[in-house]
Amino acid sequence: EIYREKIPLFDFVEKYIALGCVPGGTERNWKTYGDRIQLESHEDYKILADPQTSGGLLVSIDAAHQVVFEQFLSTQGLSLEVIGRLVERPSDHVISVKGA
């Protein structure tokens with residue numbers, strides 16, 4: 001599950017989406033894998049399928065090791081944002097995007 005409100009975004013992203021400034025690759029990406037993602041708001045695909053990156057990295061950590069991992073990153077001067085959790089896969093989709 002991905003918590004939509006926890007996904008870090010630049011302050012101006014929502015403004016540009018509202019203006020229709022969405023890369024063409026977003027549509028192509030969504031057509032490729034969007035059928036495997038369940039969204040609470042269909043418009044969220046414009047963020048989740050965006051082909052651009054700001055250099056972020058997605059890491060999956062067992063909840064039992066989360067605190068140790070966060071402490072390690074902190075000692076390295078790095079920070080993270082928990083944007084979701086791993087759950088057993090429902091039969092109708094791979095990823096569910098919803099409120100935290």
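The chain is numbered in sequence order, starting from 1. What you are looking at is a predicted structure, and each value in this text was computed from that prediction instead of being measured.
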Next item on the list: Determine, for Arg4 against Glu14, whether the closest basic-nitrogen to carboxylate-oxygen distance falls under 4.0 angstrom.
Entry: yes

Notebook entry, point to check: Is there a path from Phe12 to Leu48 through hydrophobic residues (I, L, V, M, F, W, Y) whose side chains come within less than 4.5 Å of each other?
Noted result: yes

Item checked: Thr32 versus Arg36, closest heavy-atom pair with distance -> O-NH2, 3.5 Å

Note to self: Membership question, hydrophobic clusters at under 4.5 Å side-chain separation (ILVMFWY): are Val68 and Leu80 in the same one?
What the structure shows: no

Next item on the list: Please test Ile37 against Ile2 for side-chain contact (heavy atoms from CB on, under 4.5 Å), starting from the C-alpha separation and ending with a verdict.
Entry: CA-CA 10 Å; Ile37 300 175; Ile2 296 175; over 6 Å; no

Checklist line | side-chain contact (heavy atoms from CB on, under 4.5 Å) between Lys15 and Leu19, worked out | finding: CA-CA 6 Å; Lys15 172 186 171 185; Leu19 292 171; 4.2 Å; yes

Checklist line | 4.5 Å side-chain heavy-atom contact, Gln66 and Val82 | finding: yes

Next item on the list: Could you pull out the closest heavy-atom pair between Asn29 and Ala49, with the gap in Å?
Entry: ND2-O, 2.8 Å

Check: Does Ser74 use its side chain to pair, donor to acceptor, with the backbone of Glu70 at less than 3.5 Å?
Finding: no

Check: Does Arg85 reach the side chain of Val87, with side-chain heavy atoms less than 4.5 Å apart?
Finding: yes

Note to self: Same cluster or not: Ile7 versus Phe10, using hydrophobic residues (I, L, V, M, F, W, Y) connected whenever any side-chain heavy atoms lie under 4.5 Å apart?
What the structure shows: yes

Next item on the list: Assign the ring pair Trp30 / Tyr45 to parallel, tilted or perpendicular, where the plane angle (0 to 90°) is split at 30° and 60°.
Entry: tilted

Notebook entry, point to check: Hey, quick one: are Tyr3 and Leu86 part of the same hydrophobic cluster, counting side-chain heavy atoms closer than 4.5 Å, chains of contacts allowed?
Noted result: no

Checklist line | Residues, nucleotides or ligands: over 12 heavy atoms within 6.0 Å of Tyr33 OH | finding: yes

Check: After noting the C-alpha distance and the side-chain angles of Val59 and Phe69, does the key distance pass the side-chain contact (heavy atoms from CB on, under 4.5 Å) rule?
Finding: CA-CA 11 Å; Val59 177; Phe69 183 70; 3.9 Å; yes

Note to self: Do Leu78 and Ile61 sit in one hydrophobic cluster, given that two such residues count as connected whenever their side-chain heavy atoms are within less than 4.5 Å of each other, even indirectly?
What the structure shows: yes

Check: Going by heavy atoms in the side chains, are Asp50 and Pro23 under 4.5 Å from each other?
Finding: yes

Notebook entry, point to check: To the nearest 0.5 Å, what is the distance between CD1 (Ile17) and CG (Leu9)?
Noted result: 7.5 Å

